[in-house]
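Here the structure comes first, spelled out in structure tokens, and everything after it is commentary.
Throughout, protein chains are lettered first and strands after them, A, B, ... in sequence-line order, and every chain is numbered starting at 1.
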2 protein chains.
Amino acid sequence: MFDLPPLQATARDDAVLNVLADFVMQEELKPGDRLPTERVLSERLKVSRTTVREALTRWEGLGLVERRQGSGTYLKAAVSRDMLHLPLTFASGNDFESLMHTLEIRRGLEAEAAALCALRAGPAELELIRQKLETMEEAFHSRAGMSSDEDWDFHQAIYRVSGNPLFEQIISAMHELFHRFWEHPLGVRDFGHASFPYHRTVYERIAARDAEGARSEALKLIATVEADLRRGDANLKRAGNR
Amino acid sequence: MFDLPPLQATARDDAVLNVLADFVMQEELKPGDRLPTERVLSERLKVSRTTVREALTRWEGLGLVERRQGSGTYLKAAVSRDMLHLPLTFASGNDFESLMHTLEIRRGLEAEAAALCALRAGPAELELIRQKLETMEEAFHSRAGMSSDEDWDFHQAIYRVSGNPLFEQIISAMHELFHRFWEHPLGVRDFGHASFPYHRTVYERIAARDAEGARSEALKLIATVEADLRRGDANLKRAGNR
DNA sequence: TTGGTACAATGGTCCAACCAATTTCTGCAT
DNA sequence: ATGCAGAAATTGGTTGGACCATTGTACCAA
């Protein structure tokens, strides 16, 4: 008994996605570009708009695409037909414990990314990191601490220069989780105050092509953040909140 | 420049998913269970079936749910309201480059997990790791190399003992990706041959409560795997395949 | 130049129907 | 009773058309 015919059962939106992926490749659309209207796609592909929407919804859920009402649908990541999607979803509550867990993941990744940076960064990439560093330091000094956006830019530059796109994907997804904390619970403590000096040392080790040194400095950096958070949490508990 | 108002655009299907997640928790639905009909949900939630479908499509894309026409929609994974979605997408998942990328991620995580293990493993956990190690060594000796299953068990034990569930979840998802390589492309080379001795050194550093030592040994372990793979790839290219 | 207003384009939601696969029920033959 | 083929109901998949909410743009007036 062969059971081979799972082909062509009813999989229109899968087909739509394949065709769309072809289209994106053919038009050489890059992240940020706008792709055709749902109505246009519906007409061109000879399927209903609903079907197009379901397909795009799937892509949106995978973070490949972003929809802006009244404006259009925009590409958020490179797309090709033979892509492997690996949607990880796991329960991760809003408690302090979960925050620490994500931080541990980040520590491992950040260290590795910094090490790879030291090995792979060319002059241009190095310059990019240096620029982000200085922007961050400037913001830090002018606003007396709290440079979370610029701080994030710096780290993101490292992930990008590492030459491995997975770093950025994983970390940026976790970044959302981080924000869930920074909004609500522990007040906006003076993060990064303790970690601040390590940003420069990380950069220096990278610039010196010292992979192990970069890894080590990155570890120290995250360790200070962790210590800050633990202290904040302790204060909170001592105050009796929750 | 404040850019605070991303609040409350129009997000019915997000709301639908939240309510649905609540429902799943409330009814204690487990993977395999069937959840209410689209039509029922539409009626109960007072939204159109289209909206319900878009929401479910998102879940389906993330692998949380499976739809079977004529039968129903079935839960495929545990669902809770505060879930962290981490959709990774690998470009062209069959080239050597992608394999290296996943390996770099694994190196960062493995090192961190080993370090945490050294800090947190109790006597019982330590014994578990030791047992996995010996099982692996035994398999290695009896079958002259190639002990991938037992090898995996060993590493998984480390992730588990690390006390951070995220490690196991991320890595085990990537493990699938690894297998796609080990099946087809580079022949089943004598992996782990070079990495073999490091398994024991990792364990010894953990047992000695030496976090940095454990991290360092774990790094060496992955490095040998990487070197093996690079060698295999070079051989393949020299042979003219592709 | 500035500021507002009308209008068109676009994604978001809804409805009502029909199609296709699956499951369940029904009733007949054994 | 039992077994099984066919009808009927159930359920996800698709369609077309309509309307709403938001955004972008062109145009006009101060």
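Contact annotation: T51(A) side-chain N/O to dT15(D) OP1/OP2 distance is under 4.0 Å. The shortest distance between the side-chain N/O atoms of T50(A) and the OP1/OP2 oxygens of dT15(D) is not below 4.0 Å. Distances shorter than 4.0 Å separate none of the side-chain N or O atoms of R49(A) from OP1 or OP2 on dT10(C). Regarding contacts with the backbone of dT23(D), every side-chain N or O of S71(A) stays at 4.0 angstrom or more from both OP1 and OP2.
Scanning atom types as modelled, one donor and one acceptor separated by under 3.5 angstrom connect the side chain of R39(A) and the base of dG11(C). With hydrogens and angles ignored, no donor-acceptor pair under 3.5 angstrom links the side chain of R53(A) to the base of dG11(C).
Under 4.0 Å is where a charged nitrogen must lie from a carboxylate oxygen, and between E226(A) and R107(A) at least one such pair does.
At the heavy-atom level, R68(A) lies under 4.0 Å from the strands shown only through sugar-phosphate atoms. Within the 4.0 angstrom heavy-atom criterion, only backbone atoms of the sugar-phosphate kind lie near T37(A); the bases stay farther away.
Using a 4.5 Å heavy-atom cutoff, the side chains of R44(A) and P36(A) are not in contact. Between E112(B) and L116(B) the shortest side-chain heavy-atom distance falls below 4.5 Å.
In this entry the distance linking CD of E43(B) with P of dT10(D) reads 14 Å, nearest Å.
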